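Report on the following structure.
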Amino acid sequence: MMNEKKIKELFKAHKADIPDDGFSERIIRRLPERRSILPQIIMSGFIMIGLILTFIVPGFTTLISEQISSLITSIHHLQMPSASSITVYFGVLALLGTIGYSVARVDI
């Protein structure tokens with residue numbers, strides 16, 4: 001089995017330059033322009049403001065933790081969870097998904 005060093009030596013020994021008559025340059029020019037990252041920055045900013053406000057508003061954090069705790073307890077006891085705990089759970093998932101999407105979309 002060849003190791004990486006031998007593979008690099010093999011490619012280096014058999015290197016061949018192939019003229020492309022400007023093909024690569026034409027392809028690069030056809031690529032779409034880079035989009036602005038401004039929408040992702042704005043979305044990330046509002047998400048951060050929302051998170052900060054969530055933890056500043058008294059009682060809101062307690063409400064979320066109680067609802068998620070209620071959901072976990074209901075599932076543990078094989079009972080139907082309340083609609084409010086399901087709503088909070090999906091809201092938290094949507095928030096985390098939005099944050100993840102916003103971070104993943106930023107082209108640096």
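Just so you know, these numbers come straight off a predicted model, no measurement behind them.
- A continuous path of ILVMFWY side-chain contacts below 4.5 Å connects V88 to L96, so both sit in one hydrophobic cluster.
- Between the CG atom in L71 and the CZ atom in F90 there is a gap of 8.5 Å [rounded to 0.5 Å].
- Residues D21 and R26 share a closest heavy-atom pair of O-NH1, 3.0 Å.
- Under the side chain to side chain contact (heavy atoms under 4.5 Å, CB included) criterion, R30 pairs with no residue at all, not counting sequence neighbours.
- Hydrophobic clustering of Ile, Leu, Val, Met, Phe, Trp and Tyr side chains at less than 4.5 Å, counting indirect connections, unites I72 with V92.
- Separating the CZ atom in F23 from the CD1 atom in I28 is a distance of 10.0 Å, to the nearest 0.5 Å.
- For the residue pair Q79 / S74, no side-chain donor-acceptor distance below 3.5 Å is found, with atom types taken as modelled.
- One finds the CG atom of D20 at 9.5 Å from the CD1 atom of I27 (value rounded to the nearest 0.5 Å).
- With no hydrogens or angles considered, a side-chain donor-acceptor pair links S82 and S85 at under 3.5 Å.
- No donor-acceptor pair closer than 3.5 Å links the side chain of S70 to the backbone N or O of E66.
- Listed by chain and residue number, nothing satisfies the side chain to side chain contact (heavy atoms under 4.5 Å, CB included) test with K12 (two or more places apart in sequence, or in another chain).
- At a threshold of 4.5 Å between side-chain heavy atoms, the hydrophobic network of Ile, Leu, Val, Met, Phe, Trp and Tyr places L93 and I86 in one connected group.
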